[in-house]
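Data block below; observations after.
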Amino acid sequence: MTEPTDQDTTFELISAQIRPNTDKPPRLPFSKKTDGFSRNDVVNAFQDAFRMIGGVQRMALWANANPDKFYPLYTKLLPSTAIQIGDNAQVVIQHAIPPSALDEHPE
């Protein structure tokens with residue numbers, strides 16, 4: 001059996017806070033506002049949860065084990081390469097690097 005990690009300890013702490021007779025964790029103490037909580041409150045809660053469950057290191061382990069799920073999510077975060085150039089416009093791409101042996105595709 002492996003030794004417990006910091007993530008295991010974090011999960012134990014979170015599990016200990018779950019209310020009896022329910023599987024729901026305690027509510028987060030959001031700021032008192034008439035309309036509930038702000039988008040910033042939600043973003044901060046997700047950031048805190050991300051750190052609590054292992055952060056980037058754990059995400060990298062998950063991504064390595066689940067590349068079929070990771071890459072589609074990752075591509076949604078990348079900026080769009082599409083540009084709006086108007087009606088009947090033409091885009092010309094000029095390569096700055098001359099063709100090399102890597103560009104040759106043997107049959």
Side-chain angles (χ1 to χ4, degrees):
M1 184 158 177
T2 61
E3 299 217 7
T5 64
D6 288 341
Q7 287 103 4
D8 295 329
T9 305
T10 301
F11 285 122
E12 289 173 12
L13 291 171
I14 294 170
S15 296
Q17 294 181 25
I18 293 178
R19 289 179 266 164
N21 302 323
T22 181
D23 46 344
K24 295 180 181 177
R27 293 189 59 110
L28 295 174
F30 290 114
S31 60
K32 304 287 183 196
K33 296 186 179 101
T34 56
D35 61 346
F37 50 88
S38 69
R39 182 181 191 285
N40 195 36
D41 291 332
V42 173
V43 169
N44 288 336
F46 267 85
Q47 282 292 103
D48 291 344
F50 179 75
R51 281 189 217 100
M52 288 175 73
I53 64 170
V56 174
Q57 290 176 337
R58 183 159 184 239
M59 184 171 67
L61 290 171
W62 174 82
N64 188 53
N66 301 282
D68 58 320
K69 294 181 178 115
F70 174 75
Y71 285 113
L73 292 173
Y74 181 64
T75 58
K76 290 181 181 183
L77 296 173
L78 296 174
S80 173
T81 57
I83 56 172
Q84 298 290 332
I85 55 175
D87 295 336
N88 299 323
Q90 183 179 12
V91 176
V92 177
I93 299 174
Q94 292 182 323
H95 297 282
I97 301 172
S100 71
L102 294 174
D103 294 308
E104 297 174 15
H105 303 286
E107 298 285 326

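- Residues P72 and P67 come closest through the heavy atom pair CD-O, 4.0 Å.
- Using a 4.5 Å cut-off between side-chain heavy atoms of Ile, Leu, Val, Met, Phe, Trp and Tyr, F50 falls into a hydrophobic cluster with V56, M59.
- Checked against side chain to side chain contact (heavy atoms under 4.5 Å, CB included), N64 has no partners two or more places apart in sequence or in another chain.
- The side-chain hydrogen bond (donor to acceptor under 3.5 Å, both in side chains) search around N44 returns none, not counting sequence neighbours.
- Both L73 and F70 belong to a common hydrophobic cluster when Ile, Leu, Val, Met, Phe, Trp and Tyr are linked at side-chain heavy-atom distances under 4.5 angstrom.
- Taking Ile, Leu, Val, Met, Phe, Trp and Tyr as hydrophobic and joining them when side-chain heavy atoms fall under 4.5 Å apart, one finds L77 isolated, its cluster having no other members.
- For N66, the side chain to side chain contact (heavy atoms under 4.5 Å, CB included) criterion is met by W62, D68, K69, not counting sequence neighbours.
- Shown here are the ring pair (Phe, Tyr, Trp, His ring centres under 6.0 Å) partners of Y71, two or more places apart in sequence or in another chain: there are none.
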